[in-house]
Each structure stands twice: as structure tokens, then as C-alpha cells.
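Read through the structure below, which is laid out as C-alpha cells, and then see the notes.
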Amino acid sequence: MSLMTRAERAAIVLDELQRAYPEPGCPLHHRDAFTLLVAVMLSAQCTDARVNKVTPALFAAAPTPQAMAAMSWQQVREYIATCGLTETKARRLVATAQQLVELHGGQVPSTFEELEALPGVGHKTASVVMAQAFGHPAFPVDTHIFRLARRWGLSKGKTVEKVEADLKKIFPRERWNRLHVQFVLWGREHCPARGCNPTCTICERLRA
């Protein structure tokens, strides 16, 4: 890594990501805040591609919190059997749907505090929903973003919380929602965990 300042590295990352993904869409297929919440909860330790394969049938059976709240966790588990951690996820999905109905009138709440109070909804999941469903500036940090932020010298943080705080300091607030998707897409296509591909122009430029 060259002796660039963190701001200089951030500028290169912004330039390359915007060039590659000028209008990135959410990788998880959804149609509203509820289906997004469900998809993000399912994505824990599971690929987005796998989630996108199981959610059409699940959403057909349970398109609303009310419909999912009326299901047993065993019924939900049948739809998500290939997603891993299926019993835990099924139980949490049903419990979350029940709380949405009982406490929020069947609507997904639009605050971090209320989202993170739902069963199985942590800060990262809440951040994705806030960013993608409600347009609230957020910078969800998953394993891709954590790895890339450290690899690119944008953060030395050893925790997700510290990396998130560092990224929020160096990138414009109005870019956070787009950037977290761009980071994920770049990590999958050009700079995976095993090491960057020859197509990773970000690593190349940062080494210059």
C-alpha cells in the first residue's frame, strides 16, 4: 500500500466504484420494506443468490406481516430450507412478523431503535432496511465491506462498528446508501476474500 492519505484512497475508491456501478440496485429482490426485511434476515451466512431463489415462493405464501404471523415456524422453514440456520431464521421471521402486527400495525418501523428491537434484527440488518427501504443515510458493514475497508487502507478497525464509523467519516453522507451496495458488488466481482482479481483496478491504483 502506498503512502497515500486516507482521503486520497477514499477518492480513488469513490471514482472506481461510481465508474463501475453508477446506479447500483439492491442485490436482494424485494418489493417493499417487509419483503426487504425478510430477505436481509435470510441473508445471514447465506448468499444473496440463494436468498433470491427461495423468496419468491415465500413471498407468495406470506406477502405481508399478517400472513407470515399466521404461519408456524415449521411452515416458514419449509420455504427457506436451503438458506442455512433454518430453524433459527424461521422462528425469528414469525416472531418478527407477529411483533410488526402487534406493535406496529403491520408496518415495518422506520427508526433504528424500533427495527433493532425486532427478533433477530441487528444493526446491519436495520441499516440495510433504513437505507434501501426508507432512504435514510446508513452504511451497513458486512463481511465484504469490512474486508475491503481494511484492505484498501480506509480503516484499521478490528470491529464492524469501528469500520462503519471510519467509513462514515471519510465518505460523504449523501453517498453512504449507494456506496455500501457498490462495495459489496466490487468485493464479489473483483476483490474477493482470497485476494483481488486482475480486474481490481482499485488495488492497482492504491499500490501505485
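Bear in mind that the values here come from a model prediction, so they are computed numbers and not experimental data.
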Taking only residues two or more places apart in sequence or in another chain, which ones pass side-chain hydrogen bond (donor to acceptor under 3.5 Å, both in side chains) with Asp166?
Ser155, Lys162

For Leu167 and Ala149 the tightest heavy-atom approach is CD2-CB, 4.0 Å

Can you pull out every ring-ring contact (aromatic ring centres under 6.0 Å, His included) where at least one residue sits in residues 55-89? Sequence neighbours excluded, please.
none

Under the side-chain hydrogen bond (donor to acceptor under 3.5 Å, both in side chains) rule, collect the residues that match up with Gln182, sequence neighbours excluded.
Gln18

Who pairs with Glu8 by side-chain contact (heavy atoms from CB on, under 4.5 Å), at least two apart in sequence or on another chain?
Met4, Thr5

Do other residues, nucleotides or ligands put more than 12 heavy atoms under 6.0 Å from the CD atom of Glu174?
yes

Using atom types as modelled, flag every donor-acceptor pair under 3.5 Å from a side chain in residues 89-96 to any protein atom, sequence neighbours excluded.
unit_1	atom_1	unit_2	atom_2	d
Lys89	NZ	Leu42	O	2.7
Lys89	NZ	Ala44	O	2.7
Lys89	NZ	Cys83	O	3.1
Lys89	NZ	Gly84	O	3.3
Arg91	NE	Glu87	OE2	3.1
Arg91	NH2	Glu87	OE2	3.2
Thr96	OG1	Arg92	O	2.9
Thr96	OG1	Pro119	O	2.9

Do any side-chain atoms of residues 100-114 form donor-acceptor pairs under 3.5 angstrom with protein atoms, and if so which ones, sequence neighbours left out?
unit_1	atom_1	unit_2	atom_2	d
Thr111	OG1	Glu114	N	3.1
Thr111	OG1	Glu114	OE1	2.9

Contacts of Ser72 that satisfy side-chain contact (heavy atoms from CB on, under 4.5 Å) - sequence neighbours left out
Gln74, Gln75

In this structure, CG of Asp142 is separated from CZ of Arg147 (nearest 0.5 Å) by 8.5 Å

Those residues that, when tested against Asp32, pass side-chain hydrogen bond (donor to acceptor under 3.5 Å, both in side chains) (two or more places apart):
Thr35

Considering all heavy atoms, the nearest Ala69-Ala97 contact
N-CB, 3.6 Å

Taking atom types as modelled, find out whether Glu164 and His180 have a side-chain donor-acceptor pair closer than 3.5 angstrom.
no

Of the non-hydrogen atoms in Pro22 and Arg178, which two are nearest, and what is the gap between them?
O-NH1, 3.7 Å

First locate atom CD1 of Ile80, then atom OG1 of Thr55, and finally report the distance between them rounded to the nearest 0.5 Å.
11.0 Å

Can you list the residues that meet the side-chain hydrogen bond (donor to acceptor under 3.5 Å, both in side chains) rule with Arg188, with sequence neighbours excluded?
Asp48

Results of ring-ring contact (aromatic ring centres under 6.0 Å, His included) for His190 - residues two or more places apart only:
Trp186

Going by the ring-ring contact (aromatic ring centres under 6.0 Å, His included) test, which pairs reach into residues 10-46, not counting sequence neighbours?
none

The criterion is side-chain contact (heavy atoms from CB on, under 4.5 Å); which residues satisfy it with Ala11, sequence neighbours excluded?
none

Which atom of Pro137 lies closest to which atom of Asn177, heavy atoms considered
CA-OD1, 3.4 Å

